[in-house]
Amino acid sequence: MPFHPPHPRAHAPAPRSRDTLGGALGKSMNLSHFEAFRAVMQTGTVSGAAEILGRSQPAVSRMMDRLEYEIGLTLFVRRKGRVSPTAAAHHLLDEVERAFVSLSSLQDFARRLQEGEESEVACSVMPALGIDFMPQVISRFHASHPRTRVTLNVRMSVNVEDWAATQQVDFGLAETPFKRSGFRTELFSEVPYVAAVHVDHPLAKRGEVRARDLAEFPLLSWSPFAAVNRMLEEVMQSAGVRPRPICTTTFSSSICGMVRRGLGIGIVDPFTAAAQKGNGLCVLPFVPDIPCRVALLLPDTRPPTPLASALIRYAKEERDLLLGGLFDKA
């Protein structure tokens, strides 16, 4: 059917305002009707629209009839087998085009979400992994996901447990054991605590540091409420050692900083030791083992998002690289 645009005032009811026409799109209507209308306006004929849409010509005509009924406007004047758009149809087309542009934008946004180009990952990790380890992980992640924002919450392990239990993060990394529920766990690392000594310290030339060695030198130890402090005290007690801590703290990084300045020796977590060795700091195995079991905490109400899974994958790769060279000479 040929397409003949009418004079703007011919064969058409007084056009409604743009707001009214836009409101029509907000009603619960069949989007395919607007798609058919758009095709008729673009091709100039019902038959052309039918070809584009892969529908029959009568089906497209019925869709136009239904659309006119739903919005209460005459969109086409039908005369001797021909259809001509009214002024109202031209006004409506403007609104429909804007709506389809918005829909296309939404579809594109959804695609970017699926591909990890937009969105956010939130994680909570213990300080041993939050100071050096996770910044390196996030750096690698950002290179492949430059438009994704990462929220890194560095908390004590008990607080990481709380955040995971209350579903506030996509995942957590904390030292076991745990007391709460609401999350599932996966072992992330079980490399034990290690000894940190200055490169010029007498112990640096040995292959390992034993509990009895701690009695001979100033010790940089842990605050009483730190879980590792209890385990270290049990080890020293079994070895008959009375420690002489000159300073206690809550962070391995602080112990490493003091060791580097020659203040004493310390027992630190393997992640901090691996990240900070060198520049005067030597890392050695400590005997007997003091376990440092770090677990991955995942909320049990939902599976990890593709972005969270990608960040976790980078964390595992960085863990293997970092701990694999723990005792290599810096």
Side-chain angles (χ1 to χ4, degrees), residues 109-193 222-223 225-229 249-254 268-276 291-323:
F109 179 72
R111 177 192 61 78
R112 295 198 306 270
L113 279 178
Q114 185 179 36
E115 295 176 359
E117 296 179 12
E118 297 276 357
S119 197
E120 178 180 358
V121 181
C123 59
S124 183
V125 304
M126 58 191 284
L129 278 72
I131 295 175
D132 289 298
F133 176 75
M134 281 304 297
Q136 176 62 22
V137 171
I138 293 170
S139 176
R140 295 182 59 198
F141 175 83
H142 178 73
S144 58
H145 300 79
R147 302 181 68 178
T148 298
R149 181 175 60 195
V150 177
T151 299
L152 174 64
N153 302 283
V154 182
R155 297 287 188 271
M156 302 302 290
S157 288
V158 64
N159 301 120
V160 174
E161 180 182 358
D162 290 339
W163 282 50
T166 53
Q167 321 295 304
Q168 296 184 62
V169 291
D170 291 294
F171 69 89
L173 288 168
E175 193 170 3
T176 64
F178 304 122
K179 296 180 180 179
R180 298 194 59 171
S181 59
F183 53 85
R184 58 190 186 280
T185 62
E186 173 188 322
L187 184 63
F188 185 76
S189 171
E190 54 181 350
V191 175
Y193 281 84
W222 293 86
S223 299
F225 59 82
V228 63
N229 181 69
T249 183
T250 55
F251 296 111
S252 286
S253 58
S254 298
V268 299
D269 74 87
F271 288 93
T272 302
Q276 296 200 19
C292 181
R293 296 189 180 91
V294 178
L296 174 67
L297 287 66
L298 298 166
D300 60 9
T301 59
R302 64 184 188 276
T305 65
L307 288 172
S309 295
L311 187 56
I312 291 169
R313 183 175 66 254
Y314 279 112
K316 292 179 177 178
E317 291 175 358
E318 185 63 24
R319 169 204 63 192
D320 295 342
L321 288 171
L322 191 67
L323 300 184

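Counting from 1, the numbers follow the sequence of the chain as shown.
For the residue pair A310 and F141, the shortest heavy atom distance occurs at CB-CE1, 3.9 Å. The shortest non-hydrogen separation linking Y193 to P291 is CE1-O, 3.4 Å. Closest of all the heavy-atom pairs between A295 and F178 is CB-CE1, 3.7 Å. The minimum heavy-atom distance linking L322 with F133 is given by the pair CD2-CD1, 3.9 Å. Here the closest heavy-atom approach between residue P270 and residue C292 is recorded as CD-SG, 3.8 Å. Annotation for C123 and L311: closest pair SG-CD2, 4.5 Å, computed over non-hydrogen atoms.
Within a 6.0 Å radius of CZ in R184, other residues, nucleotides and ligands contribute more than 12 heavy atoms.
Among residues two or more places apart in sequence or in another chain, the salt bridge (Lys or Arg N to Asp or Glu O under 4.0 Å) test is passed with D162 by R180.
With E161 contributing its side chain and K179 its backbone, the two residues share a donor-acceptor pair below 3.5 Å. Proximity of a side-chain donor or acceptor of S223 to a complementary backbone N or O of T249 within less than 3.5 Å is detected. In this structure a side-chain-to-backbone donor-acceptor pair under 3.5 Å is missing from R149 to S119.
We find the CH2-OG distance between W222 and S252 to be 3.0 Å, quoted to the nearest 0.5 Å. The distance from atom OG1 of T305 to atom CD of E120, rounded to the nearest 0.5 Å, is 10.5 Å. The CE atom of M134 sits 13.0 Å away from the CE atom of M126 when rounded to the nearest 0.5 Å. Summarising the geometry, atom OG belonging to S189 is positioned 12.0 Å from atom CG belonging to L296; distances are rounded to the nearest 0.5 Å. Atom CG in L129 sits 10.0 Å away from atom CD in E175 (nearest 0.5 Å). To the nearest 0.5 Å, the span separating CG on L173 from CZ on R155 amounts to 14.5 Å.
F171 pairs with exactly one of V160, I312, L297 by the side chain to side chain contact (heavy atoms under 4.5 Å, CB included) rule, that one being I312.
In this structure, F188 and F271 have parallel ring planes: the angle between them is below the 30° cut-off, well short of the 60° mark.
In this structure, a donor-acceptor pair under 3.5 Å is absent between the side chains of Q276 and S253.
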The test is side-chain contact (heavy atoms from CB on, under 4.5 Å); show your working for V121 and T148 and say whether it passes. CA-CA 7 Å; V121 181; T148 298; 4.2 Å; yes
Would R319 and K316 count as a side-chain contact (heavy atoms from CB on, under 4.5 Å) here? Give the steps. CA-CA 5 Å; R319 169 204 63 192; K316 292 179 177 178; 3.7 Å; yes
Q.
Test side-chain contact (heavy atoms from CB on, under 4.5 Å) on Q167 and D300; report intermediate values, then the result.
A. CA-CA 8 Å; Q167 321 295 304; D300 60 9; 3.9 Å; yes
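Side-chain contact between L298 and P304 is present, with at least one heavy-atom pair separated by less than 4.5 Å.
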